[in-house]
Protein chains: 2
Amino acid sequence: MHYIQNNEGHSRSDIASALKISKPTVSNIVDELLEEGWIREKESEKASSSGGRKPFQISFNENATYIVGIDIGGTSVEIAILNLSGDVLSKTNLDTQANVDNDLIKQIADRVHHLLDENEFEMEQIMGVGIGVPGITDVENGIVLDAPTVNWRDVPLQAEMEKLLHCPVYVDNDVNVAALGEWWKGAGKTDDNFLMITLGSGVGCGLIINGDLYRGATYAAGEIGYMVTDKNAAEKEYDQTFPGYGFLDSHVGGPSITKRMLRHLGEAEQKSEDWSAEKIFEMAMDGDATAKKVIEDFLSHLSYGLINVITILNPQQVILGGGVSRSLDHFLPHIIETIQKHLPIHTNISVTKVEDVSLIGAGYLLLKEHDSILKV
Amino acid sequence: MHYIQNNEGHSRSDIASALKISKPTVSNIVDELLEEGWIREKESEKASSSGGRKPFQISFNENATYIVGIDIGGTSVEIAILNLSGDVLSKTNLDTQANVDNDLIKQIADRVHHLLDENEFEMEQIMGVGIGVPGITDVENGIVLDAPTVNWRDVPLQAEMEKLLHCPVYVDNDVNVAALGEWWKGAGKTDDNFLMITLGSGVGCGLIINGDLYRGATYAAGEIGYMVTDKNAAEKEYDQTFPGYGFLDSHVGGPSITKRMLRHLGEAEQKSEDWSAEKIFEMAMDGDATAKKVIEDFLSHLSYGLINVITILNPQQVILGGGVSRSLDHFLPHIIETIQKHLPIHTNISVTKVEDVSLIGAGYLLLKEHDSILKV
DNA sequence: TGTTTAGTAAGTAAATCTAACTAACTGAAT
DNA sequence: ATTCAGTTAGTTAGATTTACTTACTAAACA
């Protein structure tokens, strides 16, 4: 099954020789999978130029069943229907903060039902649901241990959502889910060892190691917000952007950029505009001295953070994502230069190019965790 | 086989029910393993109190074959014969630097032959050889890519050693080998996610992740000597202890401790004694102000280094090893305190208690990499 | 002597193999 | 145009492998 997913339109004979199993065995399994609807076959137009019977081209049936992917973010909850190839068929979203104190789980479940109705999907066509949550999550038991943005502590999200949706639900940390998305459909497709670093209100890291998602002993791996890139600054009372945020969070998170910018400005200027991180990046590109100083500080901390994760893990590549990363393309060469000054090994660093990477990753989470013929 | 190794003296029936395979199948396999000498059986003294036939107690035969473990260090090469339980049966060593320009590989092979002769082992009784090398090593191809301490670059150590010893040889980085040793016989026995950090002339980190040794994309994972714990200091020209050494190497390595101590001393004092790191640790414990300052700086950099690896990897525990770690027991509480000040998650930190951990780990490397019934 | 537990023997079931077949095509000689 | 050797795809049939179930014997206890 895995081979067919990754190799469209091969014949039974191809599969037999590629997987080194006999032709009859392949035929038996293929017949069974055809019966169950997981694959399709199509007679080939042409035979090989050297003659022979025309092969039947076996293909994965990406519409055998569908997946719902959910990405719970600080500002909005994104919901999508995906097919088995990871294509987003339809999307919707709802405001997070407006619903945080209003039974958010039920609101999300309702919106899922609504999205399915709108697109004329029956619940029976849905294989299951994958959810990315901005917090530390016990994946085995489906419990959100701590997600301050949505005010969840020890919430059995999996169980509650399964009760509402009547289908399998899997839950994981949002950064891990983004890493899964990059692994399935992004720059990490061909790699077994890479890191996904998301820059949003804080900083997080998803680790694909030895061909597996690594979650840590207590599901806290990749929480690099607590990393210290400047021990003298860390020993002083540094300015935590939010309570509970770590040193690196408070230096490379989006809000921390704004906060640092405001500190450099007069009171009048502070109020005159809406100071988003994105705007400060643009000002820096346009040559504004204050903005440049703030951004340079940000870049420096980010670069040393990257040096530290790379030096520990020696990944094939590092992919940057999250809201702040959208402004980062222009500054990437500067980051890479700093890193190369300190590290003898070369590591490819890029900014994510996948749209809806978290939704796709949430779908992949389901495929990965749920026991089925499609288990990856 | 794996079950028998971990469960001494169980009966065929025990094995069948524990592994959920039928009794006849267990009997067949057990007979085969007995035939081949991998296991032994012994009639039990007593039957169960509720009656029944006396069981045959099946045990792993730890002397079915033997392993040679080699640890190549900067000062000496340690060589040991191990049985399959990881017990060191006999040891020898030779001086590294004296032989570095004198065909070190051949010297080691000769010493291995000598050790075997001395203990009346035949080459046929040796399953293979595992070697830990202080440098970056391509384990797949058995090539030492870069090991400055012994002046090796792109040395096909595996192939050359196999030619000399006529048995399977496997090669890996010394820190990885130490981690394997802790995994087999040390504090990591029951854990699937832990780190082994060795403090010697530099600092290195072996990673056991998701129940597997992680070596990185280019075998450079855990080379945390390049980590930066103080970005301001790193941006200045800091004092590299040895050329090619990284920032953290130059702050927590044994020689760096000596170097920093000497800088604080007058010329007369510098020459008056042999300033080892161990001695400076002792002086600090005895209250010497200069030594205390040097050691505190060391501890601070080490603690922040630990914070950074823990925050990325969230291991079950961190084990400290290497020459410098012998002096560390007294200072461990101080390190743990610093870490807990910055990290909300708790991680167990200890100093290795296993003797010959690298030799044992080298043996485990062979068991892990070599295709045999004992493959772990 | 009946009960309990360990281990063996014989037959069964499932899965996958090999070998030989049929099916269907190409292309060159007739 | 027809024929046929060569080639590739896929199927059928029987052999092999592997581990299972059932039913047995062996050896203990009380």
Side-chain angles (χ1 to χ4, degrees), chain A residues 1-62 64 370-376, chain B residues 1-62 64 370-376:
Chain A
M1 192 69 216
H2 204 256
Y3 181 83
I4 293 171
Q5 280 185 66
N6 296 318
N7 300 275
E8 285 285 292
H10 285 203
S11 69
R12 288 166 173 78
S13 279
D14 289 340
I15 298 171
S17 55
L19 300 183
K20 286 172 186 160
I21 46 181
S22 69
K23 291 200 288 175
T25 304
V26 171
S27 282
N28 283 337
I29 296 171
V30 163
D31 288 350
E32 202 182 316
L33 293 175
L34 277 170
E35 185 93 6
E36 292 168 6
W38 295 113
I39 58 176
R40 300 213 176 291
E41 69 177 346
K42 196 185 82 180
E43 199 165 352
S44 204
E45 315 279 291
K46 283 279 296 171
S48 145
S49 63
S50 51
R53 175 174 169 177
K54 278 189 295 196
F56 289 87
Q57 297 182 311
I58 312 281
S59 295
F60 177 52
N61 178 13
E62 59 187 15
H370 186 55
D371 270 320
S372 88
I373 188 130
L374 301 169
K375 185 149 182 174
V376 280
Chain B
M1 192 69 214
H2 205 254
Y3 180 83
I4 293 172
Q5 280 186 64
N6 296 317
N7 300 275
E8 287 284 293
H10 285 202
S11 70
R12 288 165 171 80
S13 281
D14 288 340
I15 298 171
S17 56
L19 300 183
K20 284 169 189 164
I21 47 182
S22 68
K23 290 198 289 176
T25 304
V26 171
S27 281
N28 283 336
I29 297 172
V30 162
D31 288 350
E32 202 182 316
L33 293 175
L34 276 170
E35 184 93 6
E36 291 168 8
W38 296 113
I39 57 175
R40 301 215 175 291
E41 67 177 347
K42 195 186 83 179
E43 200 164 353
S44 204
E45 315 279 292
K46 282 282 297 170
S48 144
S49 63
S50 51
R53 176 174 167 177
K54 277 191 294 193
F56 289 88
Q57 296 183 313
I58 312 281
S59 295
F60 176 53
N61 177 12
E62 59 187 17
H370 185 55
D371 269 320
S372 87
I373 188 131
L374 300 170
K375 186 150 180 173
V376 279

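The chains referred to below are lettered A, B, ... by the order of the sequence lines, with proteins before strands, and numbering in each begins at 1.
For the residue pair V30(B) and I39(B), the shortest heavy atom distance occurs at O-CD1, 3.7 Å.
Between S13(B) and dT5(C) there is no side-chain N or O to OP1 or OP2 distance below 4.0 Å. Regarding contacts with the backbone of dT21(D), every side-chain N or O of S22(B) stays at 4.0 angstrom or more from both OP1 and OP2. The side chain of K54(B) places an N or O atom within less than 4.0 Å of a non-bridging phosphate oxygen (OP1 or OP2) of dA28(D). Regarding contacts with the backbone of dT5(C), every side-chain N or O of S11(B) stays at 4.0 angstrom or more from both OP1 and OP2. Checking the phosphate oxygens (OP1, OP2) of dT18(D), no side-chain nitrogen or oxygen of T25(B) falls inside 4.0 Å.
You'll find that the side chain of R53(A) is closest to dT8(D), out of dT11(D), dG7(C), dT8(D). Nearest nucleotide to the side chain of I21(B), out of dA28(D), dC20(D), dG10(D): dC20(D). Taking only side-chain atoms of K23(B), from C-beta outward, the nucleotide of dA6(C), dG10(D), dT16(C) with the closest atom is dA6(C).
With hydrogens and angles ignored, the 3.5 Å screen pairs a side-chain donor or acceptor of D14(B) with a backbone N or O of S11(B).
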List the steps and the verdict of side chain to side chain contact (heavy atoms under 4.5 Å, CB included) for I29(A) and M1(A).
CA-CA 9 Å; I29(A) 296 171; M1(A) 192 69 216; over 6 Å; no
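Base contact: P24(A) has a heavy atom under 4.0 Å from a base atom.
One atom, CZ of F56(A), and another, P of dT11(D), lie 8 Å apart when rounded to the nearest Å.
Closest-nucleotide positions on DNA chain C for R12(B) and I29(A) were compared, and the one nearer the 5' end corresponds to R12(B).
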